[in-house]
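Data first, discussion second: the structure below is written as C-alpha cells.
From a predicted model like this one, the values you see are computed outputs, not experimental measurements. The basis for the numbers below is simple: all heavy atoms, side chains too, and nothing from hydrogens, waters or symmetry mates. Chain naming here is simple, since letters A, B, ... match the order of the sequence lines and numbering starts at 1 in each.
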Amino acid sequence: MSNLEVAKLFRDVAAAFTIKNEYKYKFQILAYQKAADSIEHSSTELKTLYEQGKLEKIPGIGPTIEKRLIELFKTGKVKHFEQAFEGISPAVFPLLDIPSFGPKKANKLVTHFKLNNPKTIIEDVRKLATEGKIAKLEGFGEKSQADILRAIEEYKTGTTKTNRMTLPYAFSLAQEVIAYLKKHKDISKAETLGSLRRMNSTIGDVDIAVTTKHPESVLDYFVAFPAKERIIERGPTTASLLIGGGKHVDLLVLPPQQFGSLLQHFTGSKHHNVALREYSLKKHMSLSERGIKLLDKKGSPLVEFDTEEKFYKYLGMDWIPPEIRENQGEIEAAIKHQLPDLIELKDIKGDLHIHTNYSWNSSHDYGSASMEDMIKRAKELKYEYIGLSDHNPSISNQTKSEIYSVLSRRKEKIEQLKKSNKNIRVINMLELDILTLGGVAIDDKGLELVDAVIVSIHSSFSTNKDDMTKRVLKGLSHPKTKILAHPTGRLLNSRAGYSLDWEKLFDFCVKNNKALEINAWPERLDLTDALVKQAKEAGVKFVINTDSHAVSHMDNMFYGVSVARRGWAEKKDILNTLPAKSFVEWIST
DNA sequence: GCCGTTTTCGGCCCGACTGTTTTCAGTCG
C-alpha cells in the first residue's frame with residue numbers, strides 16, 4: 001500500500017467519523033487528517049518505515065495509529081476502521097474527491113436516495129441532479145443542484161485540479177494577473193503568496209494579495225479579468241477565479257495597516273500556520289490574517305501589522321523565510337534565533353551542468369547553443385567558472401579508439417576556449433551514463449581526456465532499490481566522478497523516479513567527497529527539498545546546476561537555489577559558491 | 001488520537017464565503 005493510498009484511507013476514516021458524530025469524534029477526526037497530511041508529505045514510504053519499525057518517526061503518528069498501521073501492513077485491513085465504516089454506504093467516499101463535496105453533503109445524498117454502488121455513484125448523482133430531484137431535498141435548492149452538476153462536469157472533464165503547475169507556468173500566470181491588476185489606479189501593492197511565494201516544486205493555486213483603500217472597486221475589477229472561465233466566489237475581502245486549464249487565482253484584499261498579517265497568513269503553509277497559532281495560543285494570543293488578538297485583556301483592540309517582520313517579532317521570533325515555512329522545526333529555530341542563513345542566488349559562482357551543440361555522435365540530446373555562447377552567458381552572470389558537460393559519446397556504435405579520438409578532439413577545442421577566456425575558468429566535463437550493470441560508459445583511458453564528470457542514470461529506471469543503489473555507488477566510485485546529477489530521476493507530473501537507499505548514498509558521499517546535484521530544471525527540481533534537508537543533516541555537500549540545453553536555460557539557477565533554500569541549505573553546503581580556485585581544487589582532485 | 005520552551009493531562013487555528021436559511025451548516029485553505 002502506497003503512502004497516497006494510506007492517506008486516502010485515513011481521510012475516509014475521518015470522513016466516516018464526521019458522518020457518525022462530528023462532536024464526539026472531533027479530535028480523532030483531526031488526528032486522522034493530520035496523520036494523512038503528514039503521510040502524504042513524507043519522503044519515505046510508510047511500508048519501509050514499518051519494516052524498519054520506525055513508524056513513530058512520522059509526526060502525527062502516535063501509539064494508536066502505529067498499531068493500526070502495523071495491523072494494516074500485516075493483514076491488509078484494520079478491524080477498528082471496518083467498525084468505523086459500518087453503516088455508511090461505500091458510495092459516499094468517491095464523492096469526496098469532487099471539490100465542494102464534503103462528508104455531510106455526500107452522505108445526505110447517498111442515504112436519502114439509497115445509493116450504494118461506489119462504481120456508479122458519480123453518474124447516479126449527476127442523473128438525479130439532471131432530473132431536478134436534488135433541489136427538492138431539504139437543505140438543498142436549485143442553486144446548489146446546479147453547483148453539484150457543474151462540479152461533477154468539471155471533475156469528469158478534468159477541469160478541476162488535475163496537474164499542479166510547474167513554477168515557471170505559475171509565475172507567468174501570476175505576472176499576467178498582476179500586470180492586469182496594476183492597471184487599476186487604487187492598487188498600491190500586489191504580491192504573490194501561497195506555495196508560489198514558498199517556491200514549492202509545484203503550485204496548485206495562484207494567490208495574490210493586494211492592499212488598497214478601495215477593496216470594492218478592486219474586487220470588481222479583478223473578477224472582470226478577461227481570461228477567466230468563471231467566478232468561483234466573491235466576497236468583501238476575497239475573490240477566486242477559475243482560469244482556463246482548471247487553475248484557480250485567488251485575490252485577497254486588506255487595508256495597508258493589516259498587510260503584514262495578510263502576507264503571513266496566506267503565505268502558509270497551512271502546517272506552519274497551525275503550529276504558529278497553537279504556539280501563540282499558549283501565550284494567550286490568537287492569530288489571524290487581520291492581526292493578533294490578546295486573549296488576556298478583554299476588549300483590547302486587535303494588534304495590527306503592516307509588515308511580516310513586525311508580526312513575527314511580536315511573537316518573539318525572527319522573521320522566517322517563506323521557503324522553510326513547513327513546520328519542520330523553523331518555528332523553534334526562530335524562537336531561539338537559530339534560523340539557517342539560507343543560500344542566495346548571488347552566492348552562486350558557477351554552473352557545471354551545461355549542454356552545448358558540440359556534435360560528436362552523442363549518447364543523448366545536444367544543447368542548441370555553442371560552447372562560446374554558453375561561456376558568454378556565464379560571464380554575463382558574473383560566474384567565475386563553467387563546466388561544459390555534454391553527454392558522453394555514444395558507446396553502442398563507436399569503437400573505443402573512435403571514442404578516444406573524439407574525446408581528444410573535444411579536449412583540444414576546450415583547451416583553446418580556456419586560453420581565449422582568461423577571466424572565467426572553463427572546465428572540461430561530461431555527463432556520463434551509469435550503465436545498467438554499474439560502471440560508467442567511458443573507460444579510464446577515455447576519462448583521462450576530461451577534467452571531471454557528472455554521472456547520472458538514464459536507463460533501466462525500474463531496477464530495484466538495492467541494485468540501483470549498488471549501481472549508483474559504483475558509478476560514483478571513479479575518482480573523476482564528482483557529482484551525481486538529478487539523483488531521484490523524477491519528472492514532475494509525469495515520472496516518479498527510481499528507488500535508492502538514501503542513507504547509504506549520503507554516507508558514501510560524505511566519506512568519498514562526492515556531491516549531489518540540485519538540478520534546477522523546473523520539471524525536475526531534483527534532489528527534492530525534503531531530501532536536501534535530510535542529506536544536509538547527514539553532512540552531504542551539493543552543487544546546484546541548471547542542466548541547460550540553451551542559453552536562456554542558464555537563468556533557471558534561481559529555481560535550483562529555491563530548492564536548496566527549502567532544504568535549509570546554507571552557502572557553506574553548496575560547493576559552487578566556492579571561489580574558482582577552491583572549486584577547481586575540489587573538482588580536480 | 002496526538003503531544004509537550006508554563007502540560008504525561010488537558011488542551012486541540014481561524015476566518016472567508018455560499019446557499020439555504022432567517023441564524024446556521026458545510027466546505028475550503
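- Using a cut-off of 4.0 Å between Lys/Arg side-chain N and Asp/Glu carboxylate O, A:Arg150 and A:Asp147 are scored as salt-bridged.
- Remark: the A:His272 side chain and the A:Glu330 side chain contain an N/O donor-acceptor pair separated by less than 3.5 Å.
- A:Asp147 comes within 4.0 angstrom of the backbone, heavy atoms only, and of no base.
- If you check every strand for non-hydrogen atoms under 4.0 Å, A:Ile29 touches nothing.
- Atom pair A:Leu149:CG and B:dG19:C1' shows a separation of 17 Å (rounding to whole Å applied).
- Across all strands shown, A:Thr237 has heavy atoms under 4.0 Å from sugar-phosphate atoms exclusively, and none from any base.
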Do nucleotides 20-27 of chain B as a string where each nucleotide becomes B, S or -: B if the base has a protein heavy atom under 4.0 Å, S if just the sugar-phosphate does, - if no protein is that close. SS----SS
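- Residue A:Ser286 is classed as a sugar-phosphate contact, given heavy-atom separations below 4.0 Å to backbone atoms only.
- Judged by Watson-Crick or G-U wobble contacts below 3.5 Å, the nucleotide B:dC28 has B:dG15 as its partner.
- Taking the ring axis of A:Phe101 as reference, the NZ or CZ atom of A:Lys105 stays within 45° of it and closer than 6.0 Å to the ring centre.
- Within 4.0 Å of A:Lys108, counting heavy atoms only, lies no atom of the nucleic acid at all.
- Picking from B:dC13, B:dG29, B:dT18 the nucleotide with the shortest atom distance to the side chain of A:Glu233 gives B:dT18.
- Here the separation of B:dT22 from B:dG26, taken at their P atoms, is 15 Å to the nearest Å.
- Counting only residues at least two apart or on different chains, the side chain to side chain donor-acceptor pair (under 3.5 Å) pairs with a member in residues 73-90 of chain A are A:Arg68-A:His80, A:Ser89-A:Asn116.
- Remark: the separation of the P atoms in B:dT18 and B:dC12 is 29 Å, to the nearest Å.
- Side-chain atoms of A:Trp502 and A:Gln534 include no donor-acceptor pair closer than 3.5 Å.
- With respect to A:Glu344 and A:Arg565, no salt bridge is recorded, no charged nitrogen being found less than 4.0 Å from a carboxylate O.
- For B:dA16, the OP1/OP2 oxygens have a side-chain nitrogen or oxygen of A:Arg290 closer than 4.0 Å.
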Each nucleotide in nucleotides 1-11 of chain B should get exactly one letter: B, S or -. Can you fill that in based on protein heavy atoms under 4.0 Å? BSS-BBB----
